[in-house]
There are 2 protein chains.
Amino acid sequence: MAKKQTTIQDIAKTLSITASTVSRALNDHPKIKKSTKDTVWAKAKELNYQPNTIASSLRKGKAKTVGMIVPRINRHFFSNIITGVESVLNPAGYNLIICQSEEKYDKEINNINTLIANRVSGLLISISLETKNFDHIRRAISNNIAVVMYDRITEELNVSKVENDDISGSYDLTKHLIDEGYKDMMWIGGSRNFNTYRNRFEGYEKALKEIGIDANKYPIFEGSISLEAAYEYFKEYLENNKLPEVVFSASDYMAMGAIMAIQEKGFKIPDDVAISGYSNEPFAALINPKLTTVEQFSKEMGRSTARILLDEMESNKDENIPIKTILRPKLIVRESTINKKKL
Amino acid sequence: MAKKQTTIQDIAKTLSITASTVSRALNDHPKIKKSTKDTVWAKAKELNYQPNTIASSLRKGKAKTVGMIVPRINRHFFSNIITGVESVLNPAGYNLIICQSEEKYDKEINNINTLIANRVSGLLISISLETKNFDHIRRAISNNIAVVMYDRITEELNVSKVENDDISGSYDLTKHLIDEGYKDMMWIGGSRNFNTYRNRFEGYEKALKEIGIDANKYPIFEGSISLEAAYEYFKEYLENNKLPEVVFSASDYMAMGAIMAIQEKGFKIPDDVAISGYSNEPFAALINPKLTTVEQFSKEMGRSTARILLDEMESNKDENIPIKTILRPKLIVRESTINKKKL
DNA sequence: AAAATAAATGCAAACGTTTGCATTTTGTAT
DNA sequence: ATACAAAATGCAAACGTTTGCATTTATTTT
């Protein structure tokens with residue numbers, strides 16, 4: 001079983017030429033004659049030659065591999081980004097090592113260490129919720145790895161970044177809520193230490209300010225971004241408080257938790273209280289009522305991110321000028337925020 | 001920026017010992033004195049040494065890497081399997097290269113080629129819907145790569161396999177439907193050329209046979225496993241046919257499509273027609289009515305699969321005896337199949 | 001204290017490519 | 001035919017580890 005793989009040397013030997021020539025022929029080097037290229041290719045096929053990427057990487061000092069760190073792979077938002085990244089990187093001959101940080105700072109550090117050990121050429125990272133210090137990322141950079149941050153970024157690092165325009169996304173959404181005639185609002189979302197949720201709050205705040213309302217006068221729940229957390233919070237909230245007209249949730253999952261608590265109490269959505277989400281998770285179109293939310297074009301985000309990384313990896317400049325890409329999300333209005341009493 | 005990474009040689013030089021000793025020290029070789037191990041470790045830390053996995057892999061002829069081929073990463077079922085696999089493989093020092101076949105035979109072949117080129121030690125694969133020929137997998141095997149198939153398997157290959165017991169899963173579910181008093185059924189699902197759907201049909205058939213009914217007398221829709229396909233199909237079906245008492249859907253997504261078409265027509269679930277799904281996708285617990293389905297413990301499936309692979313990779317036997325693991329799924333009864341008229 | 005054994009380290013080759021430079025072969029101009 | 005340039009190939013080192021075997025150093029036995 002453990003049969004020897006055929007190498008460049010084997011091909012060379014049977015053709016009585018050098019390994020160098022074979023190598024160059026296979027890599028389509030301009031100085032190699034067309035005819036020898038052909039014979040080499042033919043022999044390679046015949047001997048079922050499979051190039052040894054490892055040897056090549058060692059010699060070149062870099063692997064045609066990029067590492068991607070993702071908080072959680074089982075969020076649609078992230079798995080779509082991955083798909084987008086692959087659609088750009090694979091055709092370019094790179095493969096992806098995907099690592100999950102599971103929102104843990106320590107795991108993120110481990111991930112980076114293995115990626116450095118694997119001499120990846122590039123690193124794509126969306127930081128975990130716990131990450132406050134960025135020395136591990138700096139270490140990657142100083143190991144000559146091209147780094148691009150996506151979605152969850154930090155201003156502390158001078159690297160290329162791809163973001164969603166969360167401010168305008170939530171501004172547009174809030175505007176829609178106002179247009180529907182809602183005034184009495186409530187914000188729920190993840191920690192605003194995070195660019196994502198900070199910005200989503202900012203857009204909300206901005207739209208309200210335009211009609212003379214201070215967002216901070218309304219209830220704000222800042223918690224862990226999970227269905228369960230929102231459900232528990234709302235269950236308790238409803239015991240002691242009256243409903244707002246509308247709940248602006250900065251996450252579809254949290255919106256879902258709220259909806260379950262609300263419906264359990266016998267309230268109707270959007271009649272008794274309207275609610276919106278963020279991200280357009282697949283279930284948003286499937287639940288009852290269908291959830292108004294914001295589509296983020298995650299696959300496209302993956303593609304942009306990968307394109308930028310590819311550029312930086314293949315440019316032989318020693319230092320790249322970091323660029324910032326901001327993707328504009330799109331409001332998706334569905335039943336959960338339609339005001340039937342309007343006008 | 002492009003600063004030289006410190007190598008084992010650098011450490012050796014500053015300590016005036018050999019690279020061999022350093023290598024052995026770092027790998028905790030028994031013949032190395034505790035004291036030198038300590039000094040080597042200290043110096044390694046000091047010089048910020050990052051082992052070069054590539055060099056190591058080249059020398060050893062194998063990378064501490066496993067390739068995983070997945071039809072689609074953005075199905076919860078699969079992304080959970082991935083998480084399970086990682087939870088076993090990462091602590092063992094392996095990393096995962098994940099490839100999506102996107103249900104295409106050609107992509108699957110490409111994936112395998114890059115994995116072979118990367119000299120992965122192991123391969124985890126769930127075949128695409130298009131795959132009928134398995135020579136590419138045989139090629140991997142003959143390149144001395146340990147292979148384990150999960151979920152979507154084939155009997156044509158003599159390798160270890162991890163399956164869900166779809167027969168008993170759907171048997172249990174059908175039994176539940178019968179117990180609820182439903183008799184007039186309908187089956188919808190993916191192509192039965194596929195072990196998964198074939199087995200899910202078999203369990204359904206078996207349970208019906210026990211009460212003297214031939215499953216083939218009832219309507220069967222065998223189509224592409226997507227929400228859209230099922231929606232379209234049902235929309236048309238409802239024009240020309242009367243409702244069955246219950247729809248057995250071999251996929252949550254298809255169930256969802258059916259539900260949307262049914263509710264659009266103004267029918268009530270489960271009052272006018274009951275419906276069940278399969279897989280327990282997250283939305284199944286979120287929709288209205290909540291969907292009865294079958295939980296497959298995908299994370300556990302990933303763990304089992306990885307454990308078996310790990311065994312096969314680390315055993316130095318030349319030939320492993322393939323084992324077959326069958327995981328028992330669990331019925332999850334929710335509102336969508338509760339018969340209010342029962343008794 | 002010498003001899004024998006055990007423990008620790010060193011030597012050098014190997015893994016399969018790639019690549020700068022040297023050499024050979026081919027083609028062109030005289 | 002000769003000289004020269006251009007094109008094609010060869011040579012050999014390098015990438016950073018690992019590892020069988022040889023050698024040195026420390027420990028035990030007599």
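We name chains A, B, ... by the order of the sequence lines, and we start the count at 1 in each one. Quick caveat, the model's predicted, so the values are computed rather than measured. What you see below is based on every heavy atom in this structure, not just the backbone, and it leaves out hydrogens, waters and symmetry mates.
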May I ask you to say what [X] touches in the nucleic acid, namely base, sugar-phosphate or nothing, with a heavy-atom cut-off under 4.0 Å?
{"X": "B:T7", "value": "sugar-phosphate"}
{"X": "B:I54", "value": "nothing"}
{"X": "B:K33", "value": "sugar-phosphate"}
{"X": "B:T53", "value": "nothing"}
{"X": "B:T36", "value": "sugar-phosphate"}

Rounded to whole Å, please give me the gap between CD1 in A:I17 and P in C:dT25.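 It works out to 15 Å between those atoms.
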Taking 4.0 Å as the cut-off, does a side-chain nitrogen or oxygen of A:T21 come that near to OP1 or OP2 on D:dG10?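 Yes, within the criterion.
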Pairwise 5' ranking along DNA chain C for B:I32 and B:A55, keeping only the more 5' one: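 Result of the comparison: B:I32.
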Is a side-chain donor or acceptor of A:E108 paired with a backbone partner of A:T131 at a separation under 3.5 angstrom?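 Side chain of A:E108 to backbone of A:T131, a donor-acceptor pair under 3.5 Å: no, none is there.
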Let's go through B:K107 and B:E130 carefully: what are the C-alpha distance in whole Å and the side-chain angles of both, what is the deciding distance for salt bridge (Lys or Arg N to Asp or Glu O under 4.0 Å) to 0.1 Å, and is it a yes or a no? CA-CA 10 Å; B:K107 277 211 97 188; B:E130 281 183 12; over 6 Å; no
Among A:L157, A:I137, A:I153, A:N195, which one satisfies side chain to side chain contact (heavy atoms under 4.5 Å, CB included) with A:I127?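 Single side chain to side chain contact (heavy atoms under 4.5 Å, CB included) partner of A:I127 among A:L157, A:I137, A:I153, A:N195: A:I137.
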Quick one: are B:S142 and B:R138 in side-chain contact, heavy atoms under 4.5 Å?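 No - every pair of side-chain heavy atoms lies 4.5 Å or more apart.
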